[in-house]
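Keep in mind that the numbers below use all heavy atoms, side chains included, and drop hydrogens, waters and symmetry copies. Computed from a prediction, not measured in an experiment: that's the story for all the values here.
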Amino acid sequence: MTDQLKKYLFENRSVRVQAVRLEDTWRDALAHHSYTPAVRKLLGELIAASTLLAANIKFDGSLLLQIQGDGPISLVVVECKMEPPRSLSSLPPEGAAGGLGRPGAAGDLSLRATVKMREGHAMPEDGTLQSLLNANGAGRFMVLLDPRRKTPGQQTYQGIVPLEGDTVAQVLEHYMKSSEQLDTRLWLAADDRYVAGLLVQRLPDHGGQAGEALDETWSRATQLASTLGAGELLAVDTDTLIHRLYWEETLLAFDPHNVRCHCPCGRERVAEMLRMLGRDEVDSILAEQGQVEVLCDFCGKPYLFDAVDCAGLFAARTPMADAPHPPTVH
């Protein structure tokens, strides 16, 4: 089954609801890592948050959530790349509330994530956001938007997020309120098998609707979502969850976003890095260890090169090697 993020609007278009539940993506993100339960929970919540926030913005590029820590964890990075949609997605026609539109029409989301531990620091089993990353008050949380194709002079957007709150959800709710001026509530959860999240956000009033009615919709949407516990968020599929929370509401549904885990590392990229390192250095590692092992600095995937592989890296080029080559695709 494909992991998906699903988006809805209340009928008066004053409140946005988004929900995500990831299984395959989460399994792939953990495939080459062994984290303690506390670290796994923190990373999973950041992954859920990144998908919910990335699906909120019209942007061709990557959204990164990055925490530089001063505790047992030195760095956590989650990158969510937004692929442009293959066709324009729109709301279902009036009267088709709850319809899912055209599956796959929305842009896909791809994720990669990593955690860097600080050497010499014990990793508490029951660590929290503050104890793991802000033990001495010097932790920094950054939200970055990195365009896929930068125009001359264009810089990556960077927003600094105060580490105020005990959870990832609380920190990001403060950020959305202060930076984006949007009332936003987040519910995030992660265990060994699933990552899940729910976002409820109040939208600006562009229709001149009565303030009381809009306040009532927002209050109702958040009160219903507040009945949700982490166990239910993880255990129940998205369609069932939304029905349980908002079965009395008329929701307009967008096309879902497919979500997957993807790191652009590869054996050829690692081979090129070893060539740049040089034959003498590679031969030295080979003589000492019997093979060269390189771990992707991001996803942790191992790449092994034995003596034959290493010899092939520096094999004499044939005359054809001097002929023009097509451009490398990254």
Side-chain angles (χ1 to χ4, degrees), residues 1-8 15-31 33-56 65 67 73 76 78 80 98 109 111 113 115 123-133 165-174 176 184-201 218-249 251 253 256-261:
M1 179 180 292
T2 301
D3 289 337
Q4 291 186 327
L5 178 144
K6 297 188 177 183
K7 305 168 67 173
Y8 309 87
V15 174
R16 170 190 290 135
V17 177
Q18 295 180 179
V20 66
R21 184 168 177 262
L22 307 176
E23 181 177 15
D24 294 344
T25 303
W26 183 223
R27 182 198 60 228
D28 294 344
L30 295 177
H33 297 289
S34 179
Y35 297 129
T36 65
V39 175
R40 189 167 58 240
K41 178 177 183 293
L42 172 68
L43 182 63
E45 290 179 356
L46 278 168
I47 284 177
S50 71
T51 60
L52 292 168
L53 296 180
N56 249 353
L65 301 182
I67 310 179
I73 296 177
V76 184
V78 176
C80 186
L109 302 173
L111 289 159
V115 179
M123 191 65 62
E125 289 294 324
D126 58 349
T128 64
L129 172 70
Q130 294 294 333
S131 65
L132 293 173
L133 286 151
D166 296 324
T167 66
V168 171
Q170 291 174 0
V171 172
L172 288 172
E173 285 172 0
H174 292 157
M176 295 301 293
T184 304
R185 293 293 312 279
L186 286 162
W187 290 263
L188 307 170
D191 62 12
D192 292 345
R193 185 174 178 184
Y194 294 107
V195 160
L198 178 74
L199 175 147
V200 180
Q201 187 172 75
W218 171 247
S219 177
R220 191 167 65 252
T222 54
Q223 286 177 7
L224 290 169
S226 294
T227 65
L228 185 63
E232 185 179 10
L233 185 59
L234 290 166
V236 180
D237 67 88
T238 298
D239 291 337
T240 302
L241 183 74
I242 294 298
H243 178 71
R244 284 184 183 179
L245 292 176
Y246 300 119
W247 64 275
E248 290 185 308
E249 307 294 334
L251 297 182
H257 294 268
N258 293 329
V259 186
R260 66 189 177 105
C261 183

In Å and rounded to the nearest 0.5 Å, what is the [atom1] to [atom2] distance from [X] to [Y]?
{"X": "L129", "Y": "T167", "atom1": "CG", "atom2": "OG1", "result": "7.5 Å"}
{"X": "R21", "Y": "L198", "atom1": "CZ", "atom2": "CG", "result": "13.5 Å"}
{"X": "L132", "Y": "I73", "atom1": "CG", "atom2": "CD1", "result": "4.5 Å"}
{"X": "L224", "Y": "E249", "atom1": "CG", "atom2": "CD", "result": "6.5 Å"}
{"X": "T25", "Y": "D3", "atom1": "OG1", "atom2": "CG", "result": "3.5 Å"}
{"X": "L186", "Y": "L53", "atom1": "CG", "atom2": "CG", "result": "6.5 Å"}

If you compare all heavy atoms of [X] against all heavy atoms of [Y], which two are closest, and at what distance to 0.1 Å?
{"X": "C80", "Y": "L111", "value": "CB-CD2, 3.6 Å"}
{"X": "I242", "Y": "Y8", "value": "CG1-CE1, 3.7 Å"}
{"X": "L43", "Y": "A113", "value": "CD1-CB, 3.8 Å"}
{"X": "A190", "Y": "V195", "value": "CB-CG2, 4.0 Å"}

side-chain contact (heavy atoms from CB on, under 4.5 Å) partners of [X], counting only residues at least two apart:
{"X": "R260", "answer": "S110, H262"}
{"X": "E232", "answer": "L228, V236, L241, R244"}
{"X": "D191", "answer": "R193, Y194, L234"}
{"X": "A221", "answer": "F10, V15, V200, Y246"}

(Q) Among residues at least two apart in sequence or on other chains, which ones pass salt bridge (Lys or Arg N to Asp or Glu O under 4.0 Å) with D192? (A)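 R40.
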
Would you please name every residue forming a side chain to side chain donor-acceptor pair (under 3.5 Å) with [X], sequence neighbours left out?
{"X": "D237", "value": "T240"}
{"X": "H243", "value": "none"}
{"X": "E173", "value": "R185"}
{"X": "N56", "value": "R16, Q201"}

Minimum side-chain heavy-atom gap [X]-[Y] below 4.5 Å:
{"X": "S226", "Y": "W187", "value": "yes"}
{"X": "M123", "Y": "V39", "value": "yes"}
{"X": "L109", "Y": "V20", "value": "no"}

Q. Can you tell me if K7 uses its side chain to pair, donor with acceptor, with the backbone of A55 under 3.5 Å?
A.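 Indeed, once roles are kept as given, a pair shorter than 3.5 Å links the two residues.
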
Q. Do S131 side-chain atoms and G127 backbone N/O form a donor-acceptor pair below 3.5 Å?
A.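 Pair absent, no side-chain N/O of S131 close to backbone of G127.
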
Distance-only criterion, 3.5 Å: show the donor-acceptor pairs between side-chain atoms of residues 45-52 and protein atoms not counting sequence neighbours.
| from | atom 1 | to | atom 2 | distance (Å) |
| --- | --- | --- | --- | --- |
| E45 | OE2 | K41 | NZ | 2.7 |
| S50 | OG | I47 | O | 2.8 |
| T51 | OG1 | A48 | O | 2.8 |

Q: Could you give me the CA-CA distance, side-chain angles and deciding distance for L133 and L42, then say whether side chain to side chain contact (heavy atoms under 4.5 Å, CB included) is met?
A: CA-CA 10 Å; L133 286 151; L42 172 68; 3.4 Å; yes

